[in-house]
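Below is one structure, written out as structure tokens; comments come after it.
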Amino acid sequence: MDDTCLRETTAKILKMIRQYPYARLVIGTRAALAFYEILQALTFLKARKPLLTAALITLAHRVKSESVNDSEKIIKDIVASFESNGQEQKKIAVKSVAPLKIVQILRELDNLQDMTYAMPYEINILDPQWFKFGRESIFKPEAPTLMAQTLNGDKKYSFTTFKKILEDLQDKGLIRLKSDGIRFTRSGSLIKYKNVFSYVEWAYPKFFSNKLASSFHSGDDRSFHWGDSYKDIHLRRTLRTLVKKRKDAKQVLRKDIRIKKMLSNKKCMVVMSIDHSWSMARSKKLQYVKDSSAGLIFAVKRNRDKIALVAFSDEAVVLSQPTSRYGLLIEKISRLRPEKETDITGALIKTRMLFSKTGNNYLKHSIIITDGIPTSSCSDVTRTELEGRILLEVRKMRKTGITVSVICIRDELEENDTSLARKMASIGRGSFSLVNTQDLLDHILRDYSNTRSMQAGLL
């Protein structure tokens, strides 16, 4: 390896570190020079793996990672990717996908499946005819990493190479190739959301350190709310209130009853209801919802709470009962595809049923993620009747101590389209948010954090 090649290698390695997801390189000219000199010496001495050794010695401690991965793991991934890219492009695609590309490719495949699934006609992304059609329309702009991997020596896109990349991912245990498409394994689903987990870990460090302690101060009390237990009534404060107002037992109102405002050691149980109707295919909304759902699942895992999943389109389906098997939940949301109507009523009924099976030892919270107004395949049901049924279900949930938050994804939505969602959140004593897709994850995590704090009396 000549001196010019060593300098180019140094520049490329530093560039790859800077482009690594959720990692940054704190480095100056001296560090770059140190890496170059160590690499030059090791190469001259014909050391084993000079590039990796030089990078670990001079660069690993300078990588400031916003990821759960340690800096040495990042350096090893980057060097492996660089060495793979040093081979012929065709060999990379056929024999092995570089580690740095796997996360991007898995996400692109999932996004492509959402897009093709929502087409008015059936498209199979394992079909060579689709590849020929798709590379000119939806494939090329949506999958730059995967397309780059399929380039052959003539700079043309190759379906054969595309298929071999999928076979390579299957050999790694990340996907399963089915006759009608691709299915992600649990490992593949977890790797696909690696960047989301890293972001949550980096952006919300205090969110996970605030553990709910169990304590009580005699001066802390509040008014009675629906769902409060009679065991939490503060008798001394209630009697003092009645004496001040000169009321007897027959004149007692709900607002006169005082409840102990204590910090609770209760765990939180969340039921997340995900809209995957046809309209969710527009603007990658379903993809953003999957990312945000994975982020919430990760946050729930870190706080050792429980979460259940409900998906709704023309009907509502329980994807998972309340569980701590977080890998299973990630796998479930990976399989969601856009289809049909928006049955919010069914989602509320399923949610209430899930909560009815749990005791009073949990803080109960429902998060509904949707992009618009409810629809029904039943033509004889008017919009007013449909909204009435939805609000009735929310009232039933609130009476059993369940809070309901609604998050609407902004996509050509007018303010009038959110009126029902605002009523649901108001009745359910939760929060309402109208957000852009890029802000969805932050709003979901804030809602979860605030709900835990408010129900525990921390806010």
Side-chain angles (χ1 to χ4, degrees), residues 1-108 144-153 155 161 165 168-169 172 174 190-203 205:
M1 188 182 293
D2 60 26
D3 196 57
T4 302
C5 185
L6 288 175
R7 285 197 294 268
E8 291 177 353
T9 298
T10 300
K12 289 178 180 178
I13 288 291
L14 298 182
K15 183 178 179 181
M16 291 175 73
I17 293 176
R18 290 190 181 96
Q19 294 176 343
Y20 193 89
Y22 304 108
R24 56 192 176 90
L25 181 63
V26 180
I27 191 168
T29 306
R30 287 194 306 170
L33 184 61
F35 171 65
Y36 166 72
E37 290 176 345
I38 294 292
L39 177 61
Q40 187 182 46
L42 292 175
T43 303
F44 177 77
L45 295 172
K46 296 182 179 180
R48 186 171 177 268
K49 297 184 177 180
L51 181 58
L52 177 60
T53 304
L56 289 174
I57 291 173
T58 60
L59 301 179
H61 63 286
R62 290 183 168 93
V63 173
K64 302 300 181 183
S65 175
E66 297 160 1
S67 165
V68 290
N69 294 329
D70 58 38
S71 56
E72 286 193 5
K73 176 66 166 56
I74 292 174
I75 291 295
K76 289 177 182 178
D77 279 355
I78 288 170
V79 171
S81 178
F82 176 82
E83 291 176 341
S84 296
N85 285 323
Q87 306 171 22
E88 293 180 17
Q89 185 69 30
K90 188 174 180 179
K91 289 183 179 179
I92 297 174
V94 173
K95 291 188 176 180
S96 176
V97 179
L100 284 176
K101 301 294 184 183
I102 289 178
V103 174
Q104 294 169 281
I105 289 175
L106 291 175
R107 290 175 60 80
E108 287 165 9
T145 304
L146 188 52
M147 287 299 291
Q149 291 287 325
T150 65
L151 284 170
N152 57 28
K155 300 297 181 181
T161 307
I165 290 174
D168 180 51
L169 295 175
K172 295 180 188 301
L174 304 179
L190 290 169
I191 288 176
K192 180 177 61 177
Y193 296 114
K194 174 182 174 183
N195 290 348
V196 176
F197 302 151
S198 300
Y199 171 76
V200 175
E201 183 91 16
W202 165 72

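For the numbers below, each heavy atom of this structure counts, side chains included, while hydrogens, waters and symmetry mates do not. Numbering of residues begins at 1 and proceeds along the displayed sequence. Quantities reported herein were computed from a predicted structural model and do not represent experimental measurements.
Residues Leu106 and Lys192 approach most closely at O-CD, 3.8 Å, considering heavy atoms. Here the closest non-hydrogen pair linking Thr150 and Thr161 is CA-CG2, 3.9 Å. Pairing each heavy atom of Leu190 with each of Phe197, the nearest pair is O-CE1, 3.6 Å. Among all heavy-atom pairs drawn from Lys76 and Leu52, the shortest one is CG-CD1, 4.0 Å.
In this structure, NZ on Lys12 lies 15.0 Å from CD1 on Ile78, to the nearest 0.5 angstrom. Residue Thr9 holds its OG1 atom at 12.0 Å from CD of Gln40, rounded to the nearest 0.5 Å. With rounding to the nearest 0.5 Å, the separation of CD1 in Ile57 from CG in Leu42 is 6.0 Å.
Side chains of Leu51 and Phe35 form a contact here, defined as non-hydrogen atoms less than 4.5 Å apart. Taking the side chain as every heavy atom from C-beta outward, Arg107 and Val196 approach each other to under 4.5 Å. Considering only heavy atoms from C-beta on, Val79 stays 4.5 Å or farther from Lys49 through its side chain. Side-chain atoms of Leu14 and Leu59, non-hydrogen and from C-beta on, do get closer than 4.5 Å to each other.
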Using the rule given for side chain to side chain contact (heavy atoms under 4.5 Å, CB included), can you reason through Thr53 versus Ile38, listing the C-alpha separation, both sets of side-chain angles and the distance that settles it, and then say yes or no?
CA-CA 9 Å; Thr53 304; Ile38 294 292; over 6 Å; no

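In this structure, the side chain of Thr43 engages the main chain of Leu39 through a donor-acceptor pair within 3.5 Å.
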